[in-house]
Amino acid sequence: QVQLVESGGGSVQAGGSLRLSCTASGATESTYWMGWFRQTPGKEREGVAAISGAGKIRAADSFEGRFTASRDNAKNTLFLQMNNLKPEDTAMYYCAATRNRGDYYSMPPARFFNYWGQGTQVTVSA
């Protein structure tokens with residue numbers, strides 16, 4: 001089993017920045033891919049970015065230029081730097097992981113991931 005714990009969420013004004021962290025523990029060999037998703041009530045979970053253990057990055061085009069994912073394999077930690085935040089970025093942000101070593105040309109879908117954190121809330125005010 002893998003435990004994923006997100007942190008770094010909070011409330012910011014539009015234009016501000018936040019850095020989310022996700023630390024994995026337990027069977028960390030099952031975290032070959034780690035990724036970020038977000039979800040608002042009544043909507044499907046939306047992929048943001050994912051990074052493989054080999055450093056491949058897959059990111060949704062809609063966040064290019066504002067959100068950057070990074071990973072510290074030695075610390076089993078995934079990061080998401082979010083800049084120029086907008087009110088529409090308000091959501092619960094989830095960390096996900098999988099031991100699956102497949103690959104996608106773009107952000108893998110939520111069904112690709114086996115493990116999920118509890119989420120961290122990001123609220124952006126106008």
Side-chain angles (χ1 to χ4, degrees):
Q1 285 292 331
V2 174
Q3 294 77 44
L4 302 173
V5 179
E6 303 97 334
S7 62
S11 297
V12 296
Q13 291 189 329
S17 298
L18 284 173
R19 189 187 194 212
L20 305 184
S21 299
C22 170
T23 300
S25 61
T28 54
E29 67 275 9
S30 295
T31 58
Y32 182 73
W33 280 96
M34 294 182 73
W36 289 104
F37 288 78
R38 71 182 190 181
Q39 189 171 25
T40 55
K43 293 189 177 181
E44 291 188 1
R45 200 161 287 192
E46 177 184 22
V48 177
I51 303 180
S52 75
K56 293 181 181 178
I57 299 176
R58 301 290 181 257
D61 292 340
S62 54
F63 303 103
E64 187 174 355
R66 296 195 304 124
F67 291 8
T68 303
S70 60
R71 180 170 177 168
D72 185 334
N73 287 333
K75 297 183 178 179
N76 296 313
T77 301
L78 180 72
F79 302 98
L80 183 66
Q81 178 67 43
M82 304 187 295
N83 298 326
N84 190 23
L85 283 160
K86 303 175 182 180
E88 51 264 42
D89 294 319
T90 295
M92 185 71 79
Y93 284 72
Y94 295 93
C95 177
T98 179
R99 70 187 314 169
N100 192 330
R101 293 192 171 228
D103 197 4
Y104 281 78
Y105 289 108
S106 59
M107 176 66 194
R111 65 179 183 272
F112 183 69
F113 295 88
N114 305 113
Y115 303 102
W116 294 86
Q118 293 298 308
T120 185
Q121 178 68 37
V122 171
T123 302
V124 185
S125 58

Student: Take atom CD in Glu29; do more than 12 heavy atoms of anything else shown fall under 6.0 Å from it?
Tutor: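 Yes, because the 6.0 Å sphere around CD of Glu29 holds more than 12 heavy atoms from other groups.
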
Student: Side-chain heavy atoms under 4.5 angstrom apart, residues restricted to Ile, Leu, Val, Met, Phe, Trp, Tyr: same cluster for Phe79 and Ile57?
Tutor: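 No, Phe79 does not connect to Ile57 through the hydrophobic network.
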
Student: How long is the span from the NZ atom in Lys75 to the OG1 atom in Thr28, to the nearest 0.5 Å?
Tutor: 15.0 Å

Student: If you compare all heavy atoms of Arg71 against all heavy atoms of Leu78, which two are closest, and at what distance to 0.1 Å?
Tutor: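 Scanning both residues, the minimum pair turns out to be CB-CD1, 4.2 Å.
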
Student: Under 4.5 Å between side-chain heavy atoms, hopping through other hydrophobics if needed: is there a path connecting Phe63 to Leu20?
Tutor: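 Same cluster: Phe63 reaches Leu20 through Ile, Leu, Val, Met, Phe, Trp or Tyr contacts under 4.5 Å.
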
Student: Can you measure from CZ (Phe67) to CG (Asn84) and round to the nearest 0.5 angstrom?
Tutor: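 Result: 9.0 Å between the selected atoms.
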
Student: Verify, without hydrogens or angle tests, whether Thr123 (side chain) and Thr90 (backbone) share a donor-acceptor contact under 3.5 angstrom.
Tutor: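 Checking the backbone N and O of Thr90 against the side chain of Thr123, no donor-acceptor pair under 3.5 Å is found.
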
Student: Think Arg45 forms a cation-pi with Trp116, using NZ or CZ under 6.0 Å from the six-ring centre and within 45 degrees of its axis?
Tutor: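 Satisfied, under 6.0 Å and within 45°.
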
Student: Give me the atom names and distance for the closest heavy-atom approach of Met107 to Ala59.
Tutor: CB-C, 4.2 Å

Student: Judged by atom type as modelled, is there a donor-acceptor pair below 3.5 Å linking the side chain of Asn76 to the main-chain atoms of Ser25?
Tutor: no

Student: Would you say the side chain of Arg58 lies within less than 4.5 Å of the side chain of Pro108, judging by non-hydrogen atoms?
Tutor: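 Of all side-chain heavy-atom pairs linking Arg58 with Pro108, at least one is under 4.5 Å.
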
Student: Looking only at heavy atoms, which two atoms of Gly119 and Glu6 are closest? And how far apart?
Tutor: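 That would be N-OE1, 2.9 Å.
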
Student: Less than 4.5 Å apart, any side-chain heavy atom of Arg66 and any of Asp89?
Tutor: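 Arg66 vs Asp89: side chains touch.
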
Student: Check whether any side-chain heavy atom of Tyr115 lies under 4.5 Å from a side-chain heavy atom of Gln1, and answer yes or no.
Tutor: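 In short, these two side chains touch, coming nearer than 4.5 Å.
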
Student: Do Leu4 and Met92 sit in one hydrophobic cluster, given that two such residues count as connected whenever their side-chain heavy atoms are within less than 4.5 Å of each other, even indirectly?
Tutor: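 No; tracing contacts between hydrophobic side chains, which count when under 4.5 Å, never links both residues.
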
Student: Search all heavy atoms of Gly102 against all heavy atoms of Trp33 and return the closest pair with its distance.
Tutor: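 Scanning both residues completely, I find the closest heavy atoms to be O-NE1, 2.8 Å.
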
Student: Considering residues, nucleotides and ligands other than Gln118, do more than 12 of their heavy atoms fall under 6.0 Å from its CD?
Tutor: no

Student: Where do Ala97 and Thr31 come nearest, in terms of heavy atoms and distance?
Tutor: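 For Ala97 versus Thr31, the nearest heavy atoms are CB-CG2, 3.7 Å.
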
Student: When you look at CD of Glu64, are more than 12 heavy atoms from neighbouring residues, nucleotides or ligands closer to it than 6.0 Å?
Tutor: no

Student: Who passes ring-ring contact (aromatic ring centres under 6.0 Å, His included) against Tyr93, sequence neighbours left out?
Tutor: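 Counting only residues at least two positions away or on another chain, Tyr93 forms no ring-ring contact (aromatic ring centres under 6.0 Å, His included).
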
Student: Any chance you could measure Asn100, atom CG, to Ser52, atom OG, to the nearest 0.5 Å?
Tutor: 11.5 Å

Student: Under the disulfide bond (SG atoms under 2.5 Å apart) rule, what pairs show up with a residue in residues 82-126, not counting sequence neighbours?
Tutor: Cys22-Cys95

Student: Mind checking whether Met82 and Val48 have side chains closer than 4.5 Å, heavy atoms only?
Tutor: no

Student: Would Tyr94 end up clustered with Leu85 when hydrophobic side chains under 4.5 Å apart are linked, directly or stepwise?
Tutor: no

Student: Do Phe37 and Leu80 land in one hydrophobic cluster if side-chain heavy atoms of ILVMFWY residues count as linked below 4.5 Å?
Tutor: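 No, separate clusters.
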
Student: Please report the closest heavy-atom contact between Asn114 and Arg99, naming both atoms and the distance.
Tutor: OD1-N, 4.0 Å

